[in-house]
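One structure is given here, and the rest of the page talks about it.
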Amino acid sequence: MRNKDFLWGVATSAFQLEGSPYADWSTWDSIFSLNPKITNHYELYREDIRLIKNLGVNSYRFSIEWSRIQPSEDYWNKEVVRHYQKIINLLNENNIKPMITIHHFTHPVWFITKYPWHKKKSIDKFMEYVERLIENINNVDYWLTFNEPYLLILGGYIEGCIPPGYQNLNLALKAMKNIFICHRQIYDLLHLKNKNSMVSIAHNMAVFAPWIKCNPFDRLLAKIAKRFYNHSIIEGFMDGKISLPIPFRKTMEIEVPIKGKLDFFGINYYTRVHMRFNPLRKLFIEFRHRDIDGHGLTDMGWEIYPKGLKKVLKYASKLNVPLIITENGIATKDDNKKMKFIKAHVDVIENAISEGIDVRGYFYWSLIDNYEWLHGLDARFGLYRVDFKTYRRIPTKAAAFYSYIINSRNFRS
Ligand code: BGC
């Protein structure tokens with residue numbers, strides 16, 4: 001595979017760039033009353049596509065904000081669909097392949113209050129939207145049905161820290177099943193419309209290690225976390241069955257109709273997590289980060305652990321489909337740290353490819369600074385810094401560096 005075939009990209013999500021008054025997250029986090037437009041990308045998209053073009057990438061991953069298209073259950077805003085189609089057209093004119101995420105964490109308020117994911121009706125309501133969307137959106141080959149469905153379930157149904165805010169394992173399992181039923185239906189629809197469709201989900205993968213190596217409980221939790229978080233979904237795509245080990249309880253099994261419903265596998269990789277047994281915590285689990293290898297921590301306290309990318313790529317290669325890193329990035333105000341981070345992870349990809357792992361793309365998260373879930377505007381992931389008062393975009397040194405990396409690597413398989 002030559003460099004030109006490899007997808008070099010940047011990734012964003014609509015809500016994190018442009019907000020939306022009709023989305024569940026707008027009421028979840030008070031920041032939106034002060035900064036409703038976040039980066040004002042909705043109006044400044046032309047300028048941002050120019051920034052993408054200047055980077056020299058050949059692809060751009062972004063999402064479509066459902067709540068802008070259907071602010072209420074019986075209203076469809078054609079103008080907004082046209083807006084997203086304009087972005088797609090502009091990207092295609094500039095030889096930048098669009099990769100669209102259909103669902104990236106947010107929902108219209110009416111959907112999540114009346115038809116939350118654990119209710120059967122959620123499938124019909126979501127699919128009505130998706131069918132109409134797919135009918136009206138053209139000239140896109142790469143699609144991600146859901147961004148990080150596991151995080152949505154863990155945060156929205158177990159921890160309760162993100163919408164819809166439940167803390168109920170049974171509802172979580174129902175919600176998970178419904179989401180995978182939708183994945184299957186979307187996969188089939190996209191292939192009916194366009195035989196060149198390349199469809200996946202974006203799955204967050206991490207490395208899990210025990211907090212104290214010789215503590216058997218920490219070790220057990222790390223093992224369970226790895227099986228739950230990284231492996232079970234891969235088994236779902238291979239066997240149509242997901243087994244979820246729950247610490248100190250019996251493993252839960254759910255049938256999911258997703259066997260083989262994948263044209264590539266999207267991996268979001270950021271960090272290594274250390275697991276600590278803590279009887280005072282829910283399910284006895286405490287997550288921690290520590291800087292063991294001396295690569296440092298990000299501004300969000302996450303361990304920088306490039307080697308881990310190789311581990312997850314190796315594991316995901318079991319799927320026998322091309323792998324694309326749909327997100328990898330660092331929250332830092334230090335440009336040098338950002339450049340080192342990018343180089344270290346791209347080096348790992350180069351090494352993985354040289355060992356025969358079929359990696360076909362890398363998307364840096366993110367093009368510009370944006371709203372970070374539950375953290376606000378201070379987690380600076382962007383290749384371009386954003387002044388959230390004036391909406392000015394200012395290049396970090398990492399922007400030119402990323403272009404240099406893209407030009408200097410010639411990945412072959
Ligand atoms: C999500 C992004 C998020 C990023 C950094 C990923 O889990 O898909 O929306 O901004 O991580 O936390």
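Ligands are counted one by one from 1 in listed order, and the atoms in each one are counted from 1 as well.
- The atoms of ligand 1 that sit less than 4.0 Å from any heavy atom of Q16 are 2 (C), 3 (C), 9 (O), 10 (O).
- For ligand 1, the atoms lying closer than 4.0 Å to a non-hydrogen atom of N147 are 1 (C), 8 (O).
- Ligand 1 lies less than 4.0 angstrom from a heavy atom belonging to H104.
- Looking at residues two or more places apart in sequence or on another chain, you find no salt bridge (charged side-chain N to carboxylate O under 4.0 Å, His left out) involving K177.
- Remark: minimum distance from atom 4 (C) of ligand 1 to any protein heavy atom is reached at Y270 OH, 3.3 Å.
- Of all the heavy atoms of N204, the ones lying under 4.0 Å from any atom of ligand 1 belong exclusively to the side chain.
- Contact detail for R385 and D369: the closest heavy-atom pair is CA-OD2, 3.2 Å.
- Counting all heavy atoms, side chain and backbone alike, Y84 lies closest to S63 at CE2-O, 3.9 Å.
- For ligand 1, the atoms closer than 4.0 angstrom to any heavy atom of F381 are 5 (C).
- By the 30° and 60° cut-offs, the orientation of the rings of Y45 relative to H83 is perpendicular.
- Closest to atom 1 (C) of ligand 1 among all protein heavy atoms lies E327 OE1, 3.3 Å.
- Taking each heavy atom of T326 and R61 in turn, the nearest pair found is O-NH1, 3.1 Å.
- A cation-pi arrangement is present between R272 and Y305 under the rule of less than 6.0 angstrom and at most 45 degrees off the ring axis.
- Atoms of ligand 1 lying under 4.0 Å from at least one heavy atom of W373, given by number and element, are 2 (C), 3 (C), 9 (O), 10 (O).
- With respect to atom 10 (O) of ligand 1, the closest heavy atom belonging to the protein is E372 OE1, 2.7 Å.
- Ion pairing of E135 with K193 is absent here, as no side-chain N (NZ or NE/NH1/NH2) approaches a carboxylate O to less than 4.0 Å.
- For ligand 1, the polar-atom distance check against W302 finds no nitrogen or oxygen pair separated by under 3.5 Å.
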